[in-house]
Amino acid sequence: MAASRLRRARHGLLACALSLFLLLLLPRLLSVGIFFDGLTYAAVARNLSLGIGSFWAPHYTQTIYPTFHEQPPLGLWMQSLLFRLFGDTPRVEAFYGLGAGLLLLLLMAGIWRAGPRRPRTGVWLPILLLAVYPLTSWILASNMLEITMALWTAAAVWIALRAVRARRPRTQLLGGMLAGCLTAGALLTKGPV
């Protein structure tokens, strides 16, 4: 009986943390306007979706950065896939931010559970800490490349933790290699920050 009460309490805390995350994020996502850097990245991604430029030579405008080498191309290319899928709509950036934010929460929960010691608290605590940090909602709503870099990095940490805890050396080796590839994805998104 005490275990079921504890489980219900953890589920309630998780629901509160997720609600707070959405409460802080959605008003920013649904507002009109976007940070200038995010607007630039969206324009480059849109151009890529239309076949203007290429992965290694993205295009911004004819006069400003006809070949956009200001940032590595992977994050821009990933967002261009959403423009291809949903079309040329201003809400692609909002969907990208919301989807990436929810995926980041899942990865943070996975990292929390894969850690060396299982904490007594539920996964609500890292979700709550990420939700109340003011830059989280700003970055997700502003279409910054840090969104995609955070996804690659969190996935690399989660895989690395799982590989370290694996018992089979082959699983450890494959997990380490996959974590390295995910880290390379982060580098191809934002560079060596």
Novice: Quick check for you: to the nearest 0.5 Å, what is the distance between Ser142 atom OG and Leu135 atom CG?
Specialist: 9.5 Å
Novice: Calculate, to the nearest 0.5 Å, the distance between atoms CG and CG belonging to Leu128 and Leu13 respectively.
Specialist: 9.0 Å
Novice: In sequence, state the C-alpha distance, the side-chain angles, and the governing distance for Thr189 and Trp152, and then conclude on side-chain hydrogen bond (donor to acceptor under 3.5 Å, both in side chains).
Specialist: CA-CA 9 Å; Thr189 299; Trp152 288 112; 3.3 Å; yes
Novice: Side-chain contact test, heavy atoms from C-beta onward, threshold under 4.5 Å: evaluate it for Pro192 versus Leu187 and give yes or no.
Specialist: yes
Novice: Taking side chain to side chain donor-acceptor pair (under 3.5 Å) as the cut-off, I'd like each qualifying pair that reaches into residues 77-86, sequence neighbours left out, listed once.
Specialist: Gln79-Asn143
Novice: Please give me the minimum heavy-atom distance between Leu48 and Ser54, naming the atom from each residue.
Specialist: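 Smallest interatomic distance, heavy atoms only, reads CD2-O, 3.4 Å.
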Novice: May I ask you to test the Leu130-Leu105 pair for a side-chain heavy-atom distance under 4.5 Å?
Specialist: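 The answer is yes, as the side chains (C-beta and beyond) meet within the 4.5 Å cut-off.
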Novice: With Arg162, which residues qualify under salt bridge (charged side-chain N to carboxylate O under 4.0 Å, His left out), at least two apart?
Specialist: none
Novice: Could you tell me whether a side-chain N or O of Thr89 sits under 3.5 Å from a main-chain N or O of Val92, the two making a donor and an acceptor?
Specialist: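 Checking the backbone N and O of Val92 against the side chain of Thr89, no donor-acceptor pair under 3.5 Å is found.
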Novice: Find out whether Val157 and Leu107 are in side-chain contact, i.e. whether some heavy atom of one side chain is under 4.5 Å from a heavy atom of the other.
Specialist: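 Counting from C-beta outward, Val157 and Leu107 never come under 4.5 Å.
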Novice: Write down the atom of Thr148, the atom of Gly75, and the distance for their closest heavy-atom approach.
Specialist: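 It is CG2-CA, 4.2 Å.
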Novice: Please examine the side chains of Leu145 and Leu76, heavy atoms only from C-beta on, and report whether any two atoms are closer than 4.5 Å.
Specialist: yes
Novice: Can a donor-acceptor pair be found, under 3.5 Å and without considering hydrogens, that links the side chain of His59 to the backbone of Ile52?
Specialist: no
Novice: Other residues, nucleotides and ligands only: do more than 12 of their heavy atoms fall within 6.0 Å of CZ on Phe35?
Specialist: yes
Novice: Which residues satisfy the ring pair (Phe, Tyr, Trp, His ring centres under 6.0 Å) test with Phe68, sequence neighbours excluded?
Specialist: Tyr65
Novice: Mind checking what makes side-chain contact (heavy atoms from CB on, under 4.5 Å) contact with Val164, not counting sequence neighbours?
Specialist: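 For Val164 there are no side-chain contact (heavy atoms from CB on, under 4.5 Å) partners, ignoring immediate neighbours.
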Novice: Might you point out which heavy atoms bring Ser137 and Leu24 nearest each other, and give the distance in Å?
Specialist: CB-O, 3.7 Å
Novice: Scan residues 86-106 for pairs that pass ring-ring contact (aromatic ring centres under 6.0 Å, His included), counting only residues two or more places apart or in two chains.
Specialist: Phe86-Phe95
Novice: Could you tell me if the side chain of Glu93 sits less than 4.5 Å from the side chain of Phe83, heavy atoms only?
Specialist: yes
Novice: Output yes when a side-chain donor or acceptor of Asn47 lies under 3.5 Å from a complementary backbone atom of Tyr60, and no otherwise.
Specialist: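 At least one qualifying donor-acceptor pair exists.
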Novice: Write down the atom of Pro58, the atom of Val44, and the distance for their closest heavy-atom approach.
Specialist: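 Nearest pair, atom of Pro58 first, then Val44: CB-CG1, 3.6 Å.
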Novice: If I take atom OG1 from residue Thr40 and atom CD from residue Gln71, how far apart are they, to the nearest 0.5 angstrom?
Specialist: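 It is 10.0 Å, given to the nearest 0.5 Å.
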Novice: For Glu70, give me all partners under salt bridge (charged side-chain N to carboxylate O under 4.0 Å, His left out), at least two apart in sequence or on another chain.
Specialist: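 Counting only residues at least two positions away or on another chain, Glu70 forms no salt bridge (charged side-chain N to carboxylate O under 4.0 Å, His left out).
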Novice: Taking the side chain as everything from C-beta on, heavy atoms only, tell me whether Tyr133 gets closer than 4.5 Å to Ile139.
Specialist: no
Novice: Considering all heavy atoms of both residues, which atom of Ala114 and which atom of Trp158 are nearest to each other, and what is their separation?
Specialist: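 So the minimum-distance heavy-atom pair works out to CB-CD1, 4.2 Å.
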Novice: Is any side-chain heavy atom of Thr153 closer than 4.5 Å to one of Thr183?
Specialist: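 Sidechains of Thr153 and Thr183: no contact.
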Novice: To check you understand the geometry: which heavy-atom pair defines the closest contact between Ala163 and Thr171, and what is its length?
Specialist: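 Taking every non-hydrogen atom into account, CB-O, 4.3 Å.
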Novice: Quick check for you: to the nearest 0.5 Å, what is the distance between Ile111 atom CD1 and Met108 atom CE?
Specialist: 5.5 Å
Novice: Would you say Leu178 and Leu182 make side-chain contact, with heavy atoms under 4.5 Å?
Specialist: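 In short, these two side chains touch, coming nearer than 4.5 Å.
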